[in-house]
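The structure under discussion appears below in the form of structure tokens.
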Amino acid sequence: MVNYKIAPSILSADFSKLGEEVDAVARAGADMIHIDVMDNHYVPNLTFGPMVCKSIRPITTLPLDVHLMATPVDRLAQEFAKAGANVITFHPEATDHVDRTIQIIQDSGCKAGIVINPATSIGCLDWVLDKISVVLIMSVNPGFGGQEFIQGSYRKIKQVRKVIQESGREISLQVDGGINGENIRAIAKAGADSFVSGSAIFGASNYHGAIANLKQQLL
Ligand code: DX5
Ligand code: ZN
């Protein structure tokens, strides 16, 4: 029995009341809080810095799952770790020395993960699988919430699940982008165990209902 996780992305929250929004999804059954960090450089959008992470930290005991779409990665990752992050994922394209970045994240006390863009080959996992805790497959191009799930992602999810199984390690396979009640079951069937969802949760009038609906599909 897979222990599925739902990670609401606060990218789609109402920023004018961010604390209440985090609290609301935590009470509604979220398993972690996904924080999309965008720098207007690696991706064409600008969101949260470590100070926002630090303000959210006292609001919930749930793990803070920081998805860095920013460059350079190393110093920023350390700042997010100090600000209370539990998991930090980054794009290998955004850092010069991937192995060093993984080490820096782990030395800061966080779990480290690699993010694979829609057009990035999974070959980049070859030499890091013995170290990382998460593989995050982007099922949209990073930068914005509310985009449509890219159908080709299913094939990639299946391939990565196989590679994880062969590694014999406990690595979470997270998928991010365009996930909703219609497709979450198929994404799980392809091999995902962790699901980032922004608009399908924060766009709903009832967060509890939205998360329950996603979980229901996974039964
Ligand atoms: C995109 C972000 C996603 C995004 C998901 O760059 O990494 O986390 O917020 O939002 P939805 O669920 O709306 O696609
Ligand atoms: Zn994300």
Side-chain angles (χ1 to χ4, degrees), residues 4-15 18 21-22 25 28 30-49 52-53 56 62-71 73 76-77 80 85-94 105 110-120 133-154 156-157 172-188 192-205 207 209-211 213-215 217-218:
Y4 293 115
K5 309 263 190 223
I6 302 290
S9 163
I10 57 168
L11 183 62
S12 300
D14 180 344
F15 298 159
L18 191 53
E21 293 274 78
V22 169
V25 287
D31 297 295
M32 58 183 106
I33 303 294
H34 187 81
I35 304 178
D36 283 308
V37 178
M38 304 184 181
D39 68 348
N40 188 39
H41 179 73
Y42 178 66
V43 290
N45 201 353
L46 187 62
T47 59
F48 319 106
V52 176
C53 182
I56 292 171
L62 290 178
L64 299 182
D65 174 34
V66 173
H67 173 191
L68 291 181
M69 289 161 275
T71 183
V73 177
L76 195 58
F80 272 97
N86 301 93
V87 182
I88 299 180
T89 56
F90 68 95
H91 294 248
E93 297 91 343
I105 292 171
C110 294
K111 290 185 176 172
I114 294 282
V115 192
I116 303 180
N117 278 331
T120 299
S133 305
V134 182
V135 176
L136 168 49
I137 296 181
M138 291 306 300
S139 41
V140 297
N141 283 296
F144 302 95
Q147 302 180 78
E148 200 175 320
F149 184 90
I150 296 171
Q151 293 299 316
S153 313
Y154 288 115
K156 191 179 269 180
I157 296 164
S172 173
L173 201 176
Q174 190 175 50
V175 178
D176 186 358
I179 297 179
N180 55 47
E182 310 286 292
N183 58 19
I184 191 168
R185 191 195 294 262
I187 298 166
D193 56 71
S194 174
F195 308 85
V196 177
S197 173
S199 43
I201 294 173
F202 286 102
S205 49
Y207 298 166
I211 293 175
N213 177 45
L214 292 173
K215 291 195 167 178
Q217 306 302 321
L218 297 169

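Just follow the structure's listing: the first ligand is 1, and inside any ligand the first atom is 1.
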Between D31 and A7, is there a donor-acceptor pair closer than 3.5 Å when you use the side chain of the first and the backbone of the second? no
Least distance between heavy atoms, I10 atom then I35 atom: CD1-CG1, 4.1 Å
Distance alone, cut at 3.5 Å: any donor-acceptor contact between the side chains of D36 and S9? yes
So, taking the atom named OG1 in T89 and the one named CD1 in I114, what distance separates them when rounded to the nearest 0.5 Å? 9.0 Å
As an exercise, state the distance from CD of Q174 to CD1 of I179, rounded to the nearest 0.5 Å. 8.5 Å
Any side-chain heavy-atom pair from V25 and L62 closer than 4.5 angstrom? no
Between F15 and F48, does a ring pair (Phe, Tyr, Trp, His ring centres under 6.0 Å) hold up when you go through it step by step? CA-CA 10 Å; F15 298 159; F48 319 106; 5.3 Å; yes
Dump the pairs for me: ligand 1 N or O, protein N or O, distance under 3.5 Å, to 0.1 Å.
{"residue": "ligand 1", "atom": "6 (O)", "partner": "G143", "partner atom": "N", "Å": "2.8"}
{"residue": "ligand 1", "atom": "7 (O)", "partner": "D36", "partner atom": "OD1", "Å": "2.9"}
{"residue": "ligand 1", "atom": "7 (O)", "partner": "H67", "partner atom": "ND1", "Å": "3.3"}
{"residue": "ligand 1", "atom": "7 (O)", "partner": "D176", "partner atom": "OD2", "Å": "2.9"}
{"residue": "ligand 1", "atom": "8 (O)", "partner": "D36", "partner atom": "OD1", "Å": "3.2"}
{"residue": "ligand 1", "atom": "8 (O)", "partner": "D36", "partner atom": "OD2", "Å": "2.7"}
{"residue": "ligand 1", "atom": "8 (O)", "partner": "D176", "partner atom": "OD1", "Å": "2.7"}
{"residue": "ligand 1", "atom": "8 (O)", "partner": "D176", "partner atom": "OD2", "Å": "3.0"}
{"residue": "ligand 1", "atom": "9 (O)", "partner": "S9", "partner atom": "OG", "Å": "3.1"}
{"residue": "ligand 1", "atom": "9 (O)", "partner": "D36", "partner atom": "OD2", "Å": "3.1"}
{"residue": "ligand 1", "atom": "12 (O)", "partner": "G198", "partner atom": "N", "Å": "2.8"}
{"residue": "ligand 1", "atom": "13 (O)", "partner": "G146", "partner atom": "N", "Å": "2.7"}
{"residue": "ligand 1", "atom": "13 (O)", "partner": "S199", "partner atom": "N", "Å": "3.0"}
{"residue": "ligand 1", "atom": "13 (O)", "partner": "S199", "partner atom": "OG", "Å": "2.5"}
{"residue": "ligand 1", "atom": "14 (O)", "partner": "G178", "partner atom": "N", "Å": "2.8"}

Within the side chain of D176, is there an N or O that forms a donor-acceptor pair under 3.5 Å with the backbone of M138? no
At a cut-off of 2.8 Å, protein N/O/S around the Zn ion (ligand 2) gives H34 NE2, D36 OD1, H67 ND1, D176 OD2
Before giving the answer on side-chain contact (heavy atoms from CB on, under 4.5 Å), spell out for H67 and H91 the whole-Å C-alpha distance, their side-chain angles and the decisive distance to 0.1 Å. CA-CA 9 Å; H67 173 191; H91 294 248; 2.9 Å; yes
